[in-house]
Every structure is written in C-alpha cells, then in structure tokens.
*Asks:* 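Shown below is the structure under consideration.
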Amino acid sequence: MKHLKFISRTVLVRNENVDEACRVLNRIMGSEGFLDQYRRTMFYEKPTQMRRRINYEKCKAIYDEDMKRKINFVLRKNRPEPFPGCY
Amino acid sequence: MFVRVLRDFCRRTTTVPGGENVVNRLIHVTVPLEKNRDRRSFLASVPRKDEGTEGEKFVFIDSAITNFIFLRKEEMFPDINTPNMLFGGVKFSDVPICHIKSSRNNTILHVTKANGERIMIRSCGMEGFKNTRKGTNIAAQATAISLATRVLEFGIHTVRVTIQGLGPGRMSSIKGLTMGGLKIISVTDDTPISWNPLRSRKQRKL
C-alpha cells in the first residue's frame, strides 16, 4: 500500500526547532522497526542467518519478559510486611 | 595513580647552563607506561561513529513529545488540513521540496518545485569533496550550506525536506540547510523500505 507523501512519516517543524523534529522522526522510525528493516534488507540475509537471528530474538524476548516480571516483583510496593526477612 | 607516581619519579629536572629547566624522561620506562593512557585519551577524543540517526535508540516517544515547550501533539504531525495550511503566504502543498539522499559514500541534495520540477541539485562530489571525503557529515553540511545560499538567490526561503537513506549526511545536511538560511517547515522520511523485498545484493566481505 502506498502511503501519502508528506502525511505519513512526517514531522512538522515548530518554533524553528528542526533538530528536535528530526530526533522525534528518528525515534519513531527506530521504534517502529523501519530503520532495522532497512538495514537488514540492504544486503541479502542468508536463511541460516535469518534463522539464527529469529531464534536469538525469541530467546531475548522470553528472557526480557521474565526479567521484567522479576524486577517488578522485587520492586513491588504495598507488601504486607515491609521488610521481609529482616528481624 | 601508580603510573603517575612512577612517571613523576622518572621525570627529573636538570639545569642547563642557559638557566632553563628542562624535563628529562627515561624513554624506556615512560613511553610504554603512557601508551595505554594516550590511547585511552585518543579514543575518548575521537567522535563516535555517526550512523546519521540521532535519537533513534530512545523509546519513550510520548514523553519526548510532551516535553516540547509550548507544543501540543496535534501541532507536530500533519493531518487533513495540513496541505492547505499557509506558510509565508504559500500553501503547504505548494512549498518547494528539498530531497536529500544520503548514502554511505555520498550525499545528494535536490531542490524541486512542488510538482517535482528541478530547481537545483548539488552533491558532495560537485562541491569538491572527492573519494572517501564525500561520505562524511562535514561534506554534507558544507554542501547543504552552499545549496541553501544558491537557492535563496532564486527567492526560495521555505522548503519541505525529505530524507532518504541512513548515511552520515542524514542529519548534518538538514543542519546545513538551516545554517544556510533556509526555513524548514517539515521533515519527512522517504527511505524506501520493503517488508517483502527482492533479493538484495550479497553481503560485503570485511
């Protein structure tokens, strides 16, 4: 699907703040995965490389999820006993 | 700390008959000891490799946007009415466009009218930068400044900018345009990205 030029992927510059507008644009492009996809498709990715990359990404996502849960658990507030294990 | 003590120990001042104090160093000891330090300071002074995408790694978009002073989110992104907005008496859709293509080895800036008619084209190679120097951010900035000054003579003061590619000139050429005196009203990313691409060229051997 073709996107409208100057509507999609566009940031308007306000108050002469061009630098900030560019940074916001880059940030959005980066977080949406556009730049990664561009870098990845610049050169042919061999099937083995692709499999390895995808496996790595899967493992990392699982690890990140677990770690996030762990950190949230340790940093949780409102526990019944404020300092567990400290007598 | 230890290195400094040792170095001071190795350093001896001798008085030359002329009356000046001269610092002597024991070459065998001092040079290898300072080599590490020198390399570290050298690496610290070298600028980091510029991928041309400043701000890409930040994740918190919403907080970044709300950090704008006097800005609301609606004002930052175009909507249905944007093409009819007036910028210096000209409709947004009629403002000239500056196409920037920043590749690994060169940066090409191309100013066109809104319908795509060419007004001016400059590249780092045309600007006198040759070979690897073409693919630097300094070259891109210099090219953009010279392009901006030339375009101003044509009576063009405001432009929209589209960027293609992730070369070193991606950000610095935009900076150069503003330094040259052009007013940029919008920044668009026009990088060709496909999720089902043709088979691209083979990987570079390093």
Side-chain angles (χ1 to χ4, degrees), chain A residues 1-58 60-65 67-69 71-72 75, chain B residues 51-61 64-65 67-72 75-80 82-83 85 87 92-93 95 97 104 114 160-163 165-166 170-171 174-175 177-178 182-204:
Chain A
M1 185 186 148
K2 194 165 163 60
H3 295 281
L4 285 174
K5 211 174 179 186
F6 296 110
I7 295 287
S8 67
R9 295 202 233 156
T10 300
V11 177
L12 297 177
V13 177
R14 293 296 178 191
N15 306 333
E16 311 276 319
N17 208 342
V18 182
D19 223 30
E20 198 63 47
C22 290
R23 224 171 293 149
V24 168
L25 182 67
N26 284 339
R27 204 170 297 164
I28 292 171
M29 295 290 288
S31 67
E32 294 287 330
F34 282 89
L35 298 180
D36 288 340
Q37 175 68 10
Y38 177 70
R39 288 201 187 100
R40 207 175 295 134
T41 53
M42 260 199 293
F43 300 104
Y44 179 67
E45 191 178 30
K46 285 184 185 172
T48 46
Q49 288 172 340
M50 182 182 278
R51 257 178 275 138
R52 285 186 51 160
R53 177 174 58 79
I54 286 173
N55 284 339
Y56 172 77
E57 282 170 5
K58 275 181 193 166
K60 193 167 183 303
I62 292 169
Y63 175 85
D64 283 352
E65 193 189 337
M67 187 52 81
K68 199 175 165 191
R69 201 175 295 144
I71 289 172
N72 279 338
L75 293 178
Chain B
E51 287 200 335
T53 43
E54 192 191 352
E56 183 201 338
K57 297 296 176 194
F58 288 87
V59 183
F60 307 109
I61 294 169
I65 290 165
N67 281 345
F68 272 77
I69 312 162
F70 312 122
L71 265 194
R72 281 177 296 118
E75 286 184 344
M76 275 193 63
F77 300 111
D79 52 16
I80 285 178
T82 307
M85 275 164 65
F87 289 91
F92 179 81
S93 55
V95 173
I97 309 167
R104 185 196 306 271
R160 301 178 275 175
V161 170
T162 67
I163 335 168
L166 290 179
R170 185 178 158 99
M171 288 298 106
I174 293 177
K175 198 177 163 196
L177 287 179
T178 50
L182 279 179
K183 192 182 171 211
I184 295 172
I185 56 173
S186 79
V187 186
T188 306
D189 192 292
D190 207 18
T191 314
I193 301 164
S194 170
W195 263 265
N196 44 0
L198 301 174
R199 180 168 173 151
S200 28
R201 56 177 294 181
K202 74 175 176 189
Q203 274 183 342
R204 287 153 58 97

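Numbered from 1 within each chain, the chains take letters A, B, ... in sequence-line order. Keep in mind the model is a prediction, meaning the values are calculated, not measured.
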*Asks:* State, to 0.1 Å, how close A:G33 and B:W195 come at their nearest heavy-atom pair, and which atoms those are.
*Replies:* O-CZ2, 4.0 Å
*Asks:* Is B:R160 positioned over the aromatic face of A:F6, cation under 6.0 angstrom from the ring centre and no more than 45 degrees off axis?
*Replies:* yes
*Asks:* To the closest 0.5 Å, what do you measure between CG (A:N17) and CD1 (B:I184)?
*Replies:* 11.5 Å
*Asks:* Does any N or O in the side chain of A:Q37 come within less than 3.5 Å of the main-chain N or O of B:S194, such that one atom is a donor and the other an acceptor?
*Replies:* yes
*Asks:* Would you indicate whether A:R53, at its atom CZ, is surrounded by more than 12 heavy atoms from other residues, nucleotides or ligands within a distance under 6.0 Å?
*Replies:* yes
*Asks:* Might you point out which heavy atoms bring A:Y38 and B:P192 nearest each other, and give the distance in Å?
*Replies:* CD1-O, 3.6 Å
*Asks:* Atom OG1 of B:T82 and atom CG of A:L4: how far apart are they, to the nearest 0.5 Å?
*Replies:* 11.5 Å
*Asks:* Could you go through B:T162 and A:K5, starting from their C-alpha distance and side-chain angles, then the distance that decides it, and tell me whether this counts as side chain to side chain contact (heavy atoms under 4.5 Å, CB included)?
*Replies:* CA-CA 9 Å; B:T162 67; A:K5 211 174 179 186; 4.2 Å; yes
*Asks:* Going by the side chain to side chain contact (heavy atoms under 4.5 Å, CB included) test, name the single residue among A:V24, A:L12, A:L25, A:V13 that passes it with B:M76.
*Replies:* A:V24
*Asks:* Tell me whether A:R9 contacts the main-chain N or O of B:V187 through its side chain, where contact means a donor paired with an acceptor under 3.5 Å.
*Replies:* no
*Asks:* Which pair of heavy atoms, one from B:T188 and one from A:S8, lies closest together, and at what distance?
*Replies:* CG2-O, 4.0 Å
*Asks:* If you measure from SG on A:C22 to NZ on B:K175, what distance do you get to the nearest 0.5 Å?
*Replies:* 11.5 Å
*Asks:* For B:R201 and A:M42, work out which heavy atoms get closest and say how close.
*Replies:* CG-O, 3.9 Å
*Asks:* Decide side chain to side chain contact (heavy atoms under 4.5 Å, CB included) for B:M171 and A:D19; before the verdict, give the C-alpha distance in whole Å, the side-chain angles of both, and the deciding distance to 0.1 Å.
*Replies:* CA-CA 8 Å; B:M171 288 298 106; A:D19 223 30; 5.7 Å; no
*Asks:* Which atoms form the tightest heavy-atom contact between B:K202 and A:F43, and what is the distance?
*Replies:* O-CD2, 3.4 Å
*Asks:* Got a sec: does the CD1 of A:I54 have more than 12 other heavy atoms crowding it under 6.0 Å?
*Replies:* yes
*Asks:* Report which part of B:L177 has an atom under 4.5 Å of a heavy atom belonging to chain A: side chain, backbone, both, or neither.
*Replies:* neither
*Asks:* By a 4.5 Å heavy-atom criterion (distance strictly below it), what part of B:K183 contacts chain A: side chain, backbone, both, or neither?
*Replies:* side chain
*Asks:* Do other residues, nucleotides or ligands put more than 12 heavy atoms under 6.0 Å from B:L198 CG?
*Replies:* no
*Asks:* Side chain from CB out, backbone as N, CA, C, O: work out which of these in B:I174 comes under 4.5 Å of a heavy atom of chain A, or both, or neither.
*Replies:* side chain
*Asks:* Please determine whether side chain to side chain contact (heavy atoms under 4.5 Å, CB included) holds for the pair B:F77 and A:V11, giving the CA-CA distance in whole Å, both sets of side-chain angles, and the decisive distance to 0.1 Å.
*Replies:* CA-CA 5 Å; B:F77 300 111; A:V11 177; 3.9 Å; yes
*Asks:* Is any side-chain heavy atom of A:E16 closer than 4.5 Å to a side-chain heavy atom of B:T178?
*Replies:* no
*Asks:* If you apply the rule side chain to side chain contact (heavy atoms under 4.5 Å, CB included), what do you find for A:M29 with B:D189, and how did you get there?
*Replies:* CA-CA 8 Å; A:M29 295 290 288; B:D189 192 292; 3.4 Å; yes
*Asks:* Of the backbone (N, CA, C, O) and the side chain (C-beta and beyond), which part of A:K46 lies under 4.5 Å from a heavy atom of chain B, both, or neither?
*Replies:* neither
